[in-house]
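Remarks on the structure that follows.
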Amino acid sequence: MKFNNKFTTKIWKEIPSDQNPYVPKATRLYGYDTFELLKKKSFIDVIFLLMLGDLPTKHQTFLLEKLMIFLLNPGPRDVACRAGMTAGISKSLSTNLLPIGLMAAGGKVGGGAEVEEAMQFLIKHHNECPEKTSDHYLNQVEENEGQTRIAPGFGKYYGSLDILAMRFAELLMANNPTQDGYIKWAHHFVEQSSEYDYGWLKTGISAAVFLDLNIRPREGSGLYQLLVAPGILAHAMEQTHHPITAMPFVSDEDYTIE
Amino acid sequence: MRTIRLNKPSPYQFWDDRRGKLSSSKGGWKAGVDVWSHGYSIMNELVGNISYMQMVILNATGRLVEKKLADWFEACFICLSWPDSRIWCNHVGALMGNTRSSVVAGTVAGALASESRMYGGNYTSLAGVKFITDALRLINEGLTIEDIINRCAFKNDRPLVVGYVRPVNGNDERIQPMKKLTARLGFHEGPHMKLANQISEYLYEKYGEGMNILGFIAAFAADNDIAAEELYYIRPVIVASGVTACYLDTLSKQPDSYLPIRCDDIDYIGQNDRSIDF
């Protein structure tokens, strides 16, 4: 194999200062001067630019911002927050807490890997009739104890509809001018399946939003981790200020070796 | 819709039954008494009687294997623990020593990097075992090695066969010592390893690339009743020790002195300079 001598990127340009080639005097993000962005654009606009290469339209900003707020704090019951909190209460290094939580936020059930699979599922089917697809998957599902999916990103949450994910999807639908987008397709997919309590999950609505923003599946998995990061960080750090006894520890009586 | 009707009073009974309780088929600790792993008392049966690698395999598979099999795996861990920071997982560890992250963060970050679709032999071990077990089945059904290779994906007219190419160099120096060790420990060459050697010879003659350590380990695992998933579970941190060495190498040097990059060492191929016009 032949390896390149240099890194290659379409994202970032650093213009070296005249005195020192290691010190940039200016930087450009997809062609835009960072200081011009800093003066004229919001954080949401710039993160969109970073991920997609162009500044967003008003609707794109709306979609990304709403999703960022919706995912901002998964809450202390969420496994990713719990992973960070467990490391926090047991006094792992503060710099370890966020990465620990982010790894847990990468799982195939409720994490970034599920978002990627949900995006692939939506790409595969979005040219088909959503009601027929829903019917097909409903006929295939074997209801089981535990978390059940009819497809990646769509299913039951603790045995019921995920009310918050459903509410968020409805909010987006009410403000969605895109006629043929992924959110709309999945809305019809869910209309049918929700009669059986299989509905939008957080990973599914994230996948549909990412696709309507033209984000690709691999990028979607990591972006999901990024968007849940603030809540992981806050909850994990909160626990570092408490004694180790401030979180439950299962007693010997409640621990069974099978 | 096909459903298994469950006699449950509420949709969340399953979770209510598990609140505040744990049960494990793997083992557990009774404070001040003992710890068990898969039915074995760690303090009374295992400590002092088995090797660390036997314990690793027990925790990963539930099986207490013979010491010679654990010794074989230990040698694999040595083969993938190189203190050379050009290797991608080690490079991550070196960067983290360079920036004074902790040794634990550096080592596990390197182990994470090695969970690669391309190298490292932990994630790829799933595909490696599947390839050689499928290949043996197809040979038994009458196909030739050429047929099997031709079924693989190709890139630049070269077959992409998990376990039989390397990103850097076609000759894997780890195979011969591992072959010697395998014989010395008394393992016989099984049908998967025989076929792996034949595939290696075919690929070497035709493309100049032979078996790599992943292909060797996958064939050995298949011959010794170790499932692909078990192999994956045994070796998540197989590269960790080499990563630690690379972390410590840069930790001992000036911060930010590891492979410094000038601004113009980056090849920018993106949009031309532009201004915000809205």
Side-chain angles (χ1 to χ4, degrees), chain A residues 1 3-17 20-25 27-33 36-37 39-41 45 53-55 92-93 95-96 99 103 135 138-146 156 158-160 196-197 248 250-258, chain B residues 1-6 8 10-33 35-39 86 101-102 104-105 108-109 112 165-170 256 260-278:
Chain A
M1 285 188 186
F3 292 90
N4 279 349
N5 289 327
K6 287 181 163 188
F7 296 178
T8 301
T9 179
K10 288 180 180 172
I11 300 174
W12 190 244
K13 182 160 95 173
E14 297 194 356
I15 299 99
S17 67
N20 187 332
Y22 291 92
V23 178
K25 64 181 178 189
T27 53
R28 284 186 175 269
L29 178 61
Y30 280 109
Y32 293 112
D33 179 79
E36 193 183 4
L37 289 167
K39 285 176 197 160
K40 296 180 181 172
K41 289 293 166 186
D45 290 340
D54 275 309
L55 286 163
S92 178
L93 298 186
T95 46
N96 291 349
M103 283 188 235
D135 235 15
L138 278 169
N139 278 322
Q140 287 207 327
V141 74
E142 285 199 19
E143 194 171 322
N144 229 326
E145 288 191 305
K156 292 185 181 182
Y158 290 98
S160 302
Y196 302 92
D197 285 348
V250 175
S251 66
D252 279 5
E253 291 71 42
D254 287 322
Y255 189 100
T256 308
I257 301 173
E258 293 165 8
Chain B
M1 183 170 63
R2 288 186 291 129
T3 57
I4 299 165
R5 294 284 167 209
L6 297 165
K8 53 188 178 187
S10 76
Y12 52 84
Q13 187 64 46
F14 174 82
W15 290 277
D16 265 358
D17 291 344
R18 287 160 177 77
R19 282 178 71 222
K21 293 177 202 153
L22 285 175
S23 68
S24 170
S25 60
K26 308 299 177 196
W29 168 46
K30 293 287 179 195
V33 184
V35 199
W36 289 268
S37 173
H38 298 87
R86 291 171 301 168
S101 296
S102 80
V104 180
V108 299
L112 275 180
V165 287
R166 287 176 92 189
V168 179
N169 185 318
D256 271 339
I261 298 174
R262 290 163 63 144
C263 296
D264 57 5
D265 285 334
I266 302 292
D267 206 359
Y268 176 72
I269 54 165
Q271 281 269 0
N272 289 333
D273 293 357
R274 51 182 170 168
S275 293
I276 298 168
D277 50 11
F278 62 95

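Naming: A, B, ... by sequence-line order, numbering from 1 per chain.
- Of the candidates B:Ile261, B:Asp264, B:Asp267, A:Lys6 forms a side-chain contact (heavy atoms from CB on, under 4.5 Å) with just one, namely B:Asp267.
- Panel note: side chain A:Lys13, backbone B:Gln271; no donor-acceptor pair is recorded below 3.5 Å.
- A pairwise comparison of heavy atoms in B:Tyr268 and A:Trp12 identifies CD1-O, 3.2 Å as the closest pair.
- Within the 4.5 Å cutoff, no side-chain heavy atoms of B:Ile266 are placed close to those of A:Glu14.
- The parts of A:Asp252 that come within reach of chain B are both its backbone and its side chain, each placing non-hydrogen atoms under 4.5 angstrom from that chain.
- Only the backbone of A:Ile11 comes within contact range of chain B, judged by heavy atoms closer than 4.5 Å.
- Contacts of A:Thr8 with chain B are made by both backbone and side-chain atoms, with heavy-atom separations under 4.5 Å.
- Between B:Ala105 and A:Asn96 the shortest heavy-atom distance is CB-OD1, 4.1 Å.
- Although no hydrogens or angles enter the test, the distance criterion places no donor-acceptor pair under 3.5 Å between the side chain of A:Glu36 and the main chain of B:Ser275.
- For B:Trp15, the CH2 atom is densely surrounded, since the number of other residues' heavy atoms within 6.0 Å is greater than 12.
- Residue A:Tyr22 places its OH atom among more than 12 non-hydrogen atoms of other residues, nucleotides or ligands, all under 6.0 Å distant.
- The shortest non-hydrogen separation linking B:Gly27 to A:Tyr255 is O-OH, 2.7 Å.
- The most heavy-atom pairs under 4.5 Å with chain A, out of B:Ser102, B:Gly270, B:Cys263, come from B:Cys263.
- Heavy-atom minimum distance, A:Glu258 versus B:Ser25: OE1-CB, 3.3 Å.
- Proximity to chain B involves both the backbone and the side chain of A:Pro16, based on heavy atoms less than 4.5 angstrom apart.
- Of the atoms belonging to B:Leu112, it is side-chain heavy atoms, and not backbone ones, that fall under 4.5 Å from chain A.
- Around CZ of B:Arg86, the count of heavy atoms belonging to other residues, nucleotides or ligands within 6.0 Å does not exceed 12.
- Of the atoms belonging to A:Leu93, it is side-chain heavy atoms, and not backbone ones, that fall under 4.5 Å from chain B.
- Remark: side-chain polar atoms of A:Arg28 are not paired, donor with acceptor, to backbone N or O of B:Asn272 under 3.5 angstrom.
- Contacts of B:Asp273 with chain A are made by both backbone and side-chain atoms, with heavy-atom separations under 4.5 Å.
- Enclosure of atom NZ in B:Lys26 is not indicated, since only 12 or fewer non-hydrogen atoms of other residues, nucleotides or ligands lie within 6.0 angstrom.
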